[in-house]
There are 2 protein chains.
Amino acid sequence: MSKTYSISELASEFDLTTRSIRFYEDQELLHPTRRGQTRVYSSKDRVRLKLTIRGKRLGFSLAEIRELFELWDETRSGSKKQLHLMLSKIAERKAALDQQMKDITMVQLELESAEIRCRQALEELNEKGPHETQTEDERTSTSEKTATSSSATMH
Amino acid sequence: MSKTYSISELASEFDLTTRSIRFYEDQELLHPTRRGQTRVYSSKDRVRLKLTIRGKRLGFSLAEIRELFELWDETRSGSKKQLHLMLSKIAERKAALDQQMKDITMVQLELESAEIRCRQALEELNEKGPHETQTEDERTSTSEKTATSSSATMH
DNA sequence: AAACAAGTTTACGTTAACGTAAAGCAATAG
DNA sequence: CTATTGCTTTACGTTAACGTAAACTTGTTT
């Protein structure tokens with residue numbers, strides 16, 4: 001049958017503790033079967049775990065994630081009402097994600113303008129008195145992209 | 001001088017409780033002055049509050065947000081070392097935001113494919129047996145964009 | 001057989017981000 | 001004057017998401 005996983009395999013793959021994985025099961029995000037008393041995770045469980053992690057990174061609570069999973073399962077044999085409910089939940093989530101996208105681009109603009117200020121300050125320090133030893137200048141990002149923003153400032 | 005705000009003004013504008021705002025001050029995210037014993041917020045405080053809220057929506061902890069504010073302040077009279085530290089912190093945040101962007105687009109794809117499945121299931125129900133009354137069909141999103149994804153599935 | 005690794009359950013501890021009183025000052029309305 | 005409204009401090013309570021420890025089973029290695 002399609003591949004299965006042990007709890008420690010999943011733990012190391014996704015860099016979680018086994019405690020967390022069992023906790024997710026307790027919260028009904030995962031439904032592993034048992035061989036004896038040992039948990040056996042299907043690839044469906046693995047996918048759900050991955051989705052759970054992504055959801056978490058996006059600030060969703062475990063309860064919200066669980067709700068989506070449940071709705072999704074009910075969708076299979078869903079009545080019209082269920083399907084419409086699911087659709088509205090999906091719309092909710094979409095809206096939340098759109099808002100997050102906006103937030104991210106705003107904060108990215110903030111960070112870029114902050115970065116520019118930092119680099120300017122550094123230049124000025126280098127002209128006036130290049131005293132402190134410079135470990136190594138990083139060309140990390142910046143990339144002469146142009147100065148997009150200007151309106152979004154911190155102070 | 002430039003405008004000031006009361007705690008309840010800010011609370012209603014950003015839909016927070018005054019408790020939260022005072023808590024943010026306790027965590028040194030805000031530094032209002034006092035008229036008598038009453039807090040007076042500057043427009044700088046207001047901006048910081050807005051940034052705090054955005055940061056929170058993105059999953060940053062109050063401690064992290066505070067760290068960025070502090071670094072930013074030190075940047076003004078910053079030594080080279082401080083400036084470089086700030087730059088590296090900025091890079092950290094940028095990386096985190098990039099990851100979040102990816103997460104969001106992944107989840108959006110999931111949601112869209114889920115939505116498509118829902119709508120198909122609805123169509124099938126409508127063909128086979130349109131029994132339940134339909135309150136009102138929503139044209140909300142969908143927009144015949146095409147079926148972009150297909151690889152990312154839940155089950 | 002003894003020990004070790006990997007898994008299990010049970011249960012109390014911890015941190016972050018507030019909620020929720022309780023009790024008191026200050027100004028203004030009636 | 002006193003009543004209400006808005007602000008304040010102090011402090012204990014709460015929820016989510018695990019961490020941590022203890023004590024036990026099961027299988028495997030030496």
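Hydrogens, waters and symmetry mates are skipped; everything else that's a heavy atom, side chains included, is used. This structure is a prediction, so every number in the text was calculated from the model and none was measured. First the proteins, then the strands, lettered A, B, ... as listed; each starts at 1.
When each of C:dG24, D:dA17, C:dG7 is scored by its nearest atom to the side-chain atoms of A:Thr38, the top-ranked nucleotide is C:dG7. Minimum atom distance to the side chain of B:Arg34 is reached by D:dT8, of the listed D:dG19, D:dT8, C:dC18.
Within the 4.0 Å cut-off from OP1 or OP2 of C:dC18, at least one side-chain nitrogen or oxygen of B:Lys56 is found. Distances shown here put a side-chain N or O of B:Thr17 below 4.0 Å from the OP1 or OP2 atom of C:dG19. Taking only side-chain nitrogens and oxygens, B:Ser20 comes nearer than 4.0 Å to OP1 or OP2 of C:dG19. Taking 4.0 angstrom as the limit, B:Tyr24 places none of its side-chain polar atoms (N or O) nearer than this to OP1 or OP2 of C:dA17.
We find that CD of A:Gln37 is positioned 18 Å from P of D:dA23, with the value rounded to whole Å. Straight-line distance from the CG atom of A:Leu16 to the C1' atom of D:dT20: 17 Å, rounded to whole Å. When the C1' atom of D:dC7 is taken as reference, atom CD of B:Glu25 falls 13 Å away, rounded to whole Å. B:Glu64 has its CD atom 14 Å from the C1' atom of C:dA17, to the nearest Å. Here the C1' atom of nucleotide D:dA16 and the CD1 atom of A:Ile65 are 12 Å apart, to the nearest Å. In this entry the distance linking CD1 of A:Ile7 with P of C:dA6 reads 13 Å, nearest Å. Atom CZ of A:Arg19 and atom C1' of C:dC12 are 11 Å apart (whole Å). Atom CG of A:Asp26 is separated from atom C1' of C:dT8 by 14 Å (rounded to the nearest Å).
Not a single donor-acceptor pair, N or O on each side, falls under 3.5 Å between the base of C:dT8 and the side chain of A:Arg22.
Note that CG of A:Leu58 and CD1 of A:Ile53 are 12.0 Å apart. Values are rounded to the nearest 0.5 Å.
Place A:Tyr41 and B:Ser61 on DNA chain C by their nearest nucleotides, and A:Tyr41 ends up nearer the 5' end.
Considering only residues two or more places apart in sequence or on other chains, B:Ser61 meets the side-chain contact (heavy atoms from CB on, under 4.5 Å) condition with B:Ala63, B:Glu64.
The closest side-chain heavy-atom distance from B:Leu62 to B:Lys56 is below 4.5 Å.
Within 4.0 Å (heavy atoms only), B:Ser8 reaches sugar-phosphate atoms of the nucleic acid but no base atom.
Under the 4.5 Å side-chain contact rule for hydrophobic residues, B:Val40 and B:Leu29 do not share a cluster.
Annotation: cation-pi pair A:Arg48/A:Phe69 present, NZ/CZ under 6.0 Å from the ring centroid and within 45° of its normal.
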